[in-house]
Amino acid sequence: NAGVTQTPKFRILKIGQSMTLQCAQDMNHNYMYWYRQDPGMGLKLIYYSVGAGITDKGEVPNGYNVSRSTTEDFPLRLELAAPSQTSVYFCASSDGQQATNEKLFFGSGTQLSVL
Amino acid sequence: AQKVTQAQTEISVVEKEDVTLDCVYETRDTTYYLFWYKQPPSGELVFLIRRNSFDEQNEISGRYSWNFQKSTSSFNFTITASQVVDSAVYFCALSEARGTYKYIFGTGTRLKVLA
């Protein structure tokens with residue numbers, strides 16, 4: 001009964017370093033999302049995917065890349081970390097069945113600091 | 001464009017008081033979905049309720065109730081007899097039935113319930 005699993009929970013990066021935030025879901029959901037949460041700013045959509053092999057930009061995609069090679073996994077890549085990317089990152093998934101009871105299931109979040 | 005506004009940044013109440021969290025939304029669609037999520041101090045995002053645009057019935061779940069009014073584009077959340085465990089950040093969100101399945105979140109309201 002894992003749901004959406006994010007790793008790592010915490011990470012400190014130096015400016016210019018790269019890293020990948022991992023996200024996996026075991027609910028066979030087609031739709032997956034990456035959000036970032038900055039203090040007082042709510043959640044901003046970075047990228048989303050409507051199925052394996054299909055990704056699209058959200059509101060704040062600059063500085064990030066994603067891939068979706070399988071239904072289960074949706075990693076988020078930071079290529080050249082910058083202090084502006086210090087945030088809490090949430091991965092989420094949904095079944096896409098809007099007409100029924102669709103909602104977002106969230107992972108527990110990754111606290112990322114870029115120093 | 002779709003937008004969700006939570007004008008109350010932070011609310012403090014004394015335990016057992018009733019409190020209402022406001023949510024105002026903007027959308028061009030006639031079919032859409034509204035949500036409330038709770039983010040306790042532990043950081044995870046917990047789904048509270050989903051409401052379809054064609055269902056204006058108010059809903060009550062224990063001490064929680066939701067008032068959906070299309071005429072004023074509002075989806076307000078009331079906690080009756082608040083408890084310390086209700087202390088959290090509450091997010092309102094909107095999803096349009098346009099096939100993009102993107103969710104737009106408000107900036108959140110931090111509720112502090114004092115013993």
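The basis for the numbers below is simple: all heavy atoms, side chains too, and nothing from hydrogens, waters or symmetry mates. This one's a predicted model, so the numbers in the text were calculated from it and none came from an experiment. Residue numbers start from 1 in every chain, and the chains themselves are labelled A, B, ... in the order their sequence lines are given, proteins ahead of strands.
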For residues [X] and [Y]: do they belong to one hydrophobic cluster (side chain heavy atoms under 4.5 Å, members Ile, Leu, Val, Met, Phe, Trp, Tyr)?
X	Y	answer
B:V13	B:I79	yes
A:L78	A:F90	no
A:V50	A:W34	no
B:I60	B:F77	no
B:Y64	B:F75	yes

Checklist entry - Taking atom CG of B:L45 and atom CZ of A:F105, what is their separation to the nearest 0.5 Å? => result 13.0 Å
Item to check | Residues forming a side-chain hydrogen bond (donor to acceptor under 3.5 Å, both in side chains) with A:S108, sequence neighbours excluded | outcome: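 Only A:K9 meet the side-chain hydrogen bond (donor to acceptor under 3.5 Å, both in side chains) criterion with A:S108.
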Item to check | Residue B:Q39 versus chain A: region with a heavy atom under 4.5 Å | outcome: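 The answer is the side chain of B:Q39.
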Checklist entry - Are A:F106 and B:F47 near enough that their ring centres are under 6.0 Å apart? => result no
Checklist entry - Just wondering, more than 12 heavy atoms not from A:I12 lying within 6.0 Å of its CD1? => result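 No - once you tally the heavy atoms of other residues, nucleotides and ligands closer than 6.0 Å, there are 12 at most.
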Checklist entry - If you draw a 6.0 Å radius around CE in A:M41, do more than 12 non-hydrogen atoms from other residues or ligands fall strictly inside? => result no
Item to check | Per-residue contact mode, A:L43 against chain B (heavy atom under 4.5 angstrom) | outcome: both
Checklist entry - Is chain B contacted by the side chain of A:Q37, its backbone, both, or neither, given a heavy-atom distance below 4.5 Å? => result side chain
Checklist entry - What parts of residues 105-112 of chain B touch chain A if we use heavy atoms and a cut-off under 4.5 Å? => result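 The residues closer than 4.5 Å to chain A, in numerical order, are B:F105, B:G106, B:T107.
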Checklist entry - For A:K103 and B:Y33, what are the C-alpha separation, side-chain angles and deciding distance, and is it a side-chain contact (heavy atoms from CB on, under 4.5 Å)? => result CA-CA 9 Å; A:K103 58 183 181 285; B:Y33 308 90; over 6 Å; no
Checklist entry - Do the non-hydrogen side-chain atoms of A:L45 and B:Y103 ever get within less than 4.5 Å of each other? => result no
